[in-house]
A.B. asks: 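Before anything else, here's the structure in question.
Reminder, nothing fancy here: chain letters follow the sequence lines and each chain counts from 1. Quantities reported herein were computed from a predicted structural model and do not represent experimental measurements.
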Amino acid sequence: MMSPELIIVGVLSSTIRLATPYLYAAIGETFGQRSGVLNLGVDGQMLIGAFAAFYIAFTTGNLWLGVLAAVIVGALMGLAMAFVSVNLQAEQGISGIGFYLFGLGMSELLFKMLLGTVETVKGFPDLEIPFLSDIPYIGEIFFQHNIMVYGAFLLVPIAWFIFNKTTLGLKIRSVGENPEAADSLGVSVARVRYFTIILAGILSGVAGASMSIALLNVFQQNMTSGLGFIAVALVYFGAWRAFGVLAGALLFSFVNSLQLWMQVLNIPISTELAIMLPYILTIVVLVLTVSKVRPPSALTKPFDRGD
Amino acid sequence: GGAPAEEAPAEEAPATAEMFKVAVIMPSSITDLAFSQSMYDALLAIQEEMGGEEAMEIVYSEGMFVVDDAAAAIRDYATEGYDLVIAHGSQYGSSLQEIAPDFPETSFAWGTTLNTFSEEGITNVFAYEADSQEGGYVNGVIAASLSEAGVIGVVGPIEAGDASLYVKGFVAGAEATNPDVTVNVNWIGSFSDVALASEAANTHVAAGADVLTGTAQMVVGAVGVAEENGVLWFGTQSSQTSLAPDIVVANQVYDWTVALDEMITLIGEGTYGGTAYTITLENGGIVMDYNSAYDLPEDVKAAADAAVEGIIDGSIVIPVE
Amino acid sequence: MRLKFDSVIDALLPVFATFAALGVGAIMLMALQVSPVEAYSALWEGAFGSKNAIAETLVKATPLLLVGLGICIAFRANVINIGAEGQMIIGGLMATQVGLVFTDLPGWVVIIMAIFAGFLGGAIWGGIPGALKAYFGVNEILSTVMMNAIAVQIMNFMLRGPMMDPAQLEKASKIPQTARLAEAFRLPRLVPTRLHLGFVFAIALAVLVYVLLWRTTLGYRIRAVGQNPHASRYGGIRVRRRIVTALLLSGAFAGIAGAIQVYGVNYRMITDGSSTGFTGGAGFNGIVAALFGQLHPIGTIPASIFFGALLVGANKMQRVVQIPAALITALNGLVVIFVVSSELWRRRRQKQRLLVDEGGEPPPSESPKTEKGASASEEVMA
Amino acid sequence: MTEENKLPSGHTRIDSLEMRGITKRFPGVLASDNVNFDVKSGEVHALLGENGAGKSTLMKILYGMYEPSEGEIFLNGKKITIDTPTDAINHGIGMIHQHFMLVETLTVAENVALGLPSSRGFLTDLDKVSARILELADIYGLEIDPEAYIWQLSVGQQQRVEIIKALYRGAALLILDEPTAVLTPQEVDEFFVIMRQMVADGHGLIFISHKLHEIMNICDRVTILRDGAKVGTRNIADITKSELANWMVGREVSMTRELEEIERGPSRLSIENLSCDNERELPAVKNVSLNIYSGEILGLAGISGNGQRELAESITGLREITGGKVLLEDEDITNARPGEVTKRMLSYIPEERMRDGMIKDFSIAENMVLREHHIPPFAEKGFLKLKKIASHSDELIKKFRVKTPSRETKAGTLSGGNIQKVVLAREISRNPRVLIAAQPTRGLDVGATEYVHEQLLEQRRDGTAIMMISEDLDEVMALSDRIAVICEGEIMGIVERADATPQKLGLMMAGESGE
Ligand SMILES: Nc1ncnc2c1ncn2[C@@H]1O[C@H](COP(=O)(O)OP(=O)(O)OP(=O)(O)O)[C@@H](O)[C@H]1O
Ligand SMILES: Nc1ncnc2c1ncn2[C@@H]1O[C@H](COP(=O)(O)OP(=O)(O)OP(=O)(O)O)[C@@H](O)[C@H]1O
Ligand SMILES: [Mg+2]
Ligand SMILES: [Mg+2]
């Protein structure tokens, strides 16, 4: 009834969109984890970022100011997280849950106080790229999205480059693996971790913004609905590599859009089973591709010189 | 049901000093543009009717998705002497059943269900529900008439309760209007996943739908997708016109005042429960709210009105099994 | 004397931290034009102000404690179980099914069977990520997050389908819930409040977990594997099996928490499509409680009660001063952050106490003074 | 600055560095107690002391890793503060740490480049770093592959990376914390050549070692620490080796040892054509056949990383055997589980005792029963017998003279020597049929080494079949009845005690057949 091309293009372009917020958040989390800090507060940071971006875009009409707002609040949340985990050496698993709850509550509170009801904004429009967007199928799948979608995918090679080709990346990797060694060579563990956690906060904020002013163009309480936790899981899936994270985000989103299509196409399968599919398949793929990569050795361990 | 409501404040006039106190416990937020907001809006309307904050006090506990917490809230409000404690969610039934007998002088209301626990010997629980399939049917009729592609998309949370009723009504209405119409339904398995709801809408659009509808609070994202793609939208529970004034055609709006007015009257008379209310098109509890900014063709409006008539007079029977 | 005073201060540190967080909360309350005094007295009132309030606090603490006990086991084995939400759900489902099927059996038999079913359900849901980790190297944070989502869908499926209340089947509304458990199957209540036997049971289990971890070979092995898998293998311990065991037991306790929520509080299962609708977030808050309790089963008892009180009291506060529920969530977050941060001072103080005193005297356990030895050797050399 | 003040690397020379009144307190330990210490340009100053005397602590203070509780540091007579390693590096101080400060998941070049400014700004310049590493390696004769990952390297190779790291930074003053502990005799000799060259260039070196002959060989002055306090400083020229030993320990130490004549018993452990792989799934042990008899010590000599660890692990069930057999008194224990092997009364003192032999966060008592926590008398029906475990460990603590406040002390807080005593106590107290001891005295002070040797000989007297894996030829030759030499996973030959000379063993270790 429906042409296969239509379905394939639909599934794939939907995959690209769904993957966008995961990519921002998970790449940010990758920076944090690579430096040894587990941030479980991603979802909260996303929500605050989503609200800030939405509110500023809504009141000023300027989407870029909205993005800036998400960057700023994300950075502030990251700063707080960095202070708590670097200076106060708090158990990262718990403080992250604390930040999640804070972000969840605070974003809704601000929403209630400042907006009161669900509103919409005109988000970033789809950005056609000369030539590329016109390629049959490919153009439709990859190059008919808004700028924040492109940004998310661009982030992947950038992150790869930073990790592998820059002195900063070298510092991040060593701080996450053996902070004592890095410290003994004069690398400031604290400064590196502040940087990565704040960056992770910023990217989580932008992940939220990508939802509230680019993809969904609304703000609603708890609109991320645990997406930030999946993003953290994707970092494990991607074995702390930028392209691994990309693969995870694409796989998860692909199966998710596939299940939406399965329902639309009336494929006789219980809706719950369909909804479960992305979660099951993520695990199955990981089982089949047994990876021997260990987490960064210093992950979740606060650094203390011992004096 | 307008008349009794107007009498209520008059009857209670001598007792103005003792203002009427209502507490409501809701699973979502008072601003969800959906189920919870529909109740809160109704209470505000009644408060105004009764003479403002001096005459009626409204307190609420929102976001009570944890049944346990709701039970504590219900008991607490009852202990503090609220006249009417509304448990606005079908999941709160067990709690009510347990708490209500301890407070025989307090009236409780439970939605959305028709069970007042009278079989269990409880006399102080009212029940209410919405025949959401009715508005769904009307929405379906209009949707099928306006769809040029003959493909309509539906986004729902989980296939149960109010959502499931609405969708059944919608599909019935659409198919009755155009037997060749395709209605694709997507259940996303969550009341909060705005992103997935919106991607479901995108999927519908990609699959050729030119009319969309959806139910529950997470559909706000789907409305945005509809607007972006210039696709029509039909709302339910509360009015969603403000979200996308260009493409929202009509909303089924719950007006719980119909049921609430009667409950308040009965409470004034010393009856604390035992009655179940269903809001319907017939009793005015379900209201078809048309977006005045959308230019609905005459014939379509006529078909909708005919559907409303038919449902009210019983000539249209909506299959919900 | 001094030692006693010090340990009292240590015990009170989380309380001070909570006050600090509430101080920040007070600013937020004032921004909402609410009197913090009124709000916080409501919080106290709601948590401890009456017999009923205390009971509610303990009822809330029960699943936190049970989940927390499982977390103690898993984290001791260095396995991060964030799948307690899903494990509670599967445990709850299986326990409920017992009560719905064996309607003819005596109450206590069904309750015992149900708790066992909860144990089993949670164990399965914890054992799977355990096996995936041990034998396929799948990280447990990833798998448990995914398993939570899968459990929610299973719950939705069961409550909409095979396990749906027969009364609902006939109705158009079709509330996704099971039938209510028979009166006889419900956990006995202790005082005329909602406080049920499950709380006492959880306390007993805490003692049991303590014994398990520190008095049995299994506990020894679990802790050994968590601390050093290499040395454990050398010690003849089967590392992979113990990892599976730890996650399995951890899940089992969460499963019991699910069973007890059904048999002690809700008397049925009902879904709002999310896990928190059933668990009340206990799967996450239990982790926080266990970590506050220093991953010690006995320490987890007061920690759970503390969080139970906070959650129950905060709800009361929301009702009394009519602030958005969101503020409560944010405030909870602040309390968690402040309390976990205050740990630093506790550690510092402990270290400080161990440091040799001002004069540079080594503690009594140390070897004889160096100066003497030194001069003696210098003499030898001279 | 005149030319004379410059080192070949272009850095300024440190004429003198002085630490005055340094005190450092750790919880429960006074690790440095009002210590004065100084080094001059062009000298090697040894720091000597028993395990836990506070040598590393003092040096970490100098390198900015620990903040002293009291005390001051003077550089060329000027008071300076060193708060971080960066400060130390900027002042021209470098350090080679006792416990490697390497990032395992990074390459050699990346480890060297870490923390240094890059010639390409924010981009790494690993190609240039690699070139410079090869240059330095060439100058000092340190063979190293800059592209190799640290985890792929043997312990000795990792040590070389540490040296290169310091050389690369062109430190004027270099702290060497037990750099030779993991080097073979040949490597040590080569290392001394480097050290001499550096001293001649005007570097100041601080050298920590437990091997007295090394100190006598390379150092100009020696400072002895005991329990955190300085005992004294002497010129090496004014002191003999045995004087040094006695001064350090505070009592007479026997430096040589006679091996008692014992009748060799029947074969206890026989290894037939054994092969196994290493972590990189490359063959590590190739067709090794050995017999170890009751009442003998078989020394297994070899340069580290030639399959010794893999061999020991495959015998003890910790590593999969890919070919051949292991018989323990005629019972086949090939690929048996570690627990099974333990049950058959085979004891094993692993080379990396902190990682493989004990659990740092467990108490000493818990560590004492690591191998037998599940069997009577320490456990019954799944329950631990805490009283039995307590009395057992008290007994061992006393018998083996473990220096600890109590049996409940966390094992990880003990000094290296005491940790080894705990492992030794546990493995020996079982009266094993076979004992495999890998590098049993690595990193131990003179007193502790003497003690470990005594215990091994005592076991020999009791008829235990002992395989002692060691890189220390002195140790191997002093204690072994027979010496097997391993190179690249193959046994080059077995030499009787009487026929063994360092030259002969050295050649075999380098790959020449013993026949
Ligand atoms: N770190 C390792 N290095 C080499 N081999 C290993 C390692 N870990 C496990 N193995 C191999 O896997 C086998 C089983 O390992 P282990 O005893 O740790 O697991 P287990 O819990 O006993 O598993 P099982 O349930 O399969 O018995 C070992 O006999 C060994 O061959
Ligand atoms: N970070 C620390 N925290 C607490 N105690 C420490 C710490 N570092 C060292 N110590 C203690 O300080 C004392 C001195 O330790 P240090 O490592 O300086 O000894 P050392 O002389 O280098 O011994 P070795 O020869 O074994 O290397 C020991 O008792 C040790 O346990
Ligand atoms: Mg095994
Ligand atoms: Mg040392």
A.B. asks: Between C:Glu85 and C:Gly283 (side chain of the first, backbone of the second, donor and acceptor by atom type, cut-off under 3.5 Å), is there such a pair?
C.D. replies: yes

A.B. asks: Closest heavy-atom contact between C:Ala74 and C:Asn81?
C.D. replies: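 For C:Ala74 versus C:Asn81, the nearest heavy atoms are CB-CB, 4.0 Å.
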
A.B. asks: With respect to chain A, which residue among C:Ser274, C:Ser342, C:Ser341, C:Pro324 yields the maximal number of heavy-atom pairs within a distance under 4.5 Å?
C.D. replies: C:Ser341

A.B. asks: Which label fits A:Phe219 and A:Phe111: parallel for a plane angle under 30°, tilted from 30 to 60°, or perpendicular past 60°?
C.D. replies: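 Tilted.
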
A.B. asks: In a check of side-chain contact (heavy atoms from CB on, under 4.5 Å) between A:Pro296 and each of A:Lys301, A:Glu177, A:Arg173, which one passes?
C.D. replies: A:Glu177

A.B. asks: Under 4.5 Å, heavy atom to heavy atom, which residues of residues 331-339 of chain C contact chain A?
C.D. replies: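 Residues C:Asn332, C:Gly333, C:Leu334, C:Val336, C:Ile337 are the ones that qualify, each having a heavy atom under 4.5 Å from chain A.
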
A.B. asks: Report the option among A:Leu101, A:Leu110, A:Leu273 that has the most heavy-atom pairs separated by less than 4.5 Å from atoms of chain C.
C.D. replies: A:Leu101

A.B. asks: Please determine whether side chain to side chain contact (heavy atoms under 4.5 Å, CB included) holds for the pair A:Leu281 and A:Phe254, giving the CA-CA distance in whole Å, both sets of side-chain angles, and the decisive distance to 0.1 Å.
C.D. replies: CA-CA 10 Å; A:Leu281 269 155; A:Phe254 172 73; over 6 Å; no

A.B. asks: Closest approach of A:Met223 and A:Val218, non-hydrogen atoms and distance?
C.D. replies: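 Looks like CE-O, 3.3 Å.
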
A.B. asks: What heavy-atom pair brings A:Thr196 and A:Arg193 nearest, and what distance separates the two atoms?
C.D. replies: OG1-O, 3.1 Å

A.B. asks: Quick check on the structure: residues of residues 138-150 of chain C within a heavy-atom distance below 4.5 Å of chain A, by number.
C.D. replies: C:Val138, C:Asn139, C:Ile141, C:Leu142, C:Ser143, C:Val145, C:Met146, C:Met147, C:Ala149, C:Ile150

A.B. asks: Strictly by modelled atom types, are C:Asn315 and C:Gln318 linked by a side-chain donor-acceptor pair under 3.5 Å?
C.D. replies: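 Judged by distance alone, the side chains do not pair up.
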
A.B. asks: Does CZ belonging to C:Phe19 count more than 12 external heavy atoms closer than 6.0 Å?
C.D. replies: no

A.B. asks: What side-chain donor-acceptor pairs closer than 3.5 Å can you find for residues 78-93 of chain A, not counting sequence neighbours?
C.D. replies:
residue: A:Ser85; atom: OG; partner: A:Met81; partner atom: O; Å: 2.8
residue: A:Asn87; atom: OD1; partner: A:Tyr194; partner atom: OH; Å: 2.5
residue: A:Gln92; atom: OE1; partner: A:Leu38; partner atom: N; Å: 2.8
residue: A:Gln92; atom: OE1; partner: A:Thr300; partner atom: N; Å: 3.4

A.B. asks: Does any backbone or side-chain atom of A:Ser95 lie under 4.5 Å from a heavy atom of chain C? Answer side chain, backbone, both or neither.
C.D. replies: both

A.B. asks: Could you give all pairs that pass the side chain to side chain donor-acceptor pair (under 3.5 Å) test and reach residues 235-245 of chain A, with sequence neighbours left out?
C.D. replies: A:Gln33-A:Trp240

A.B. asks: Please classify the contact between C:Ile154 and chain A as side chain, backbone, both or neither, with a heavy-atom cut-off of under 4.5 Å.
C.D. replies: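 Contact with chain A: backbone and side chain both.
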
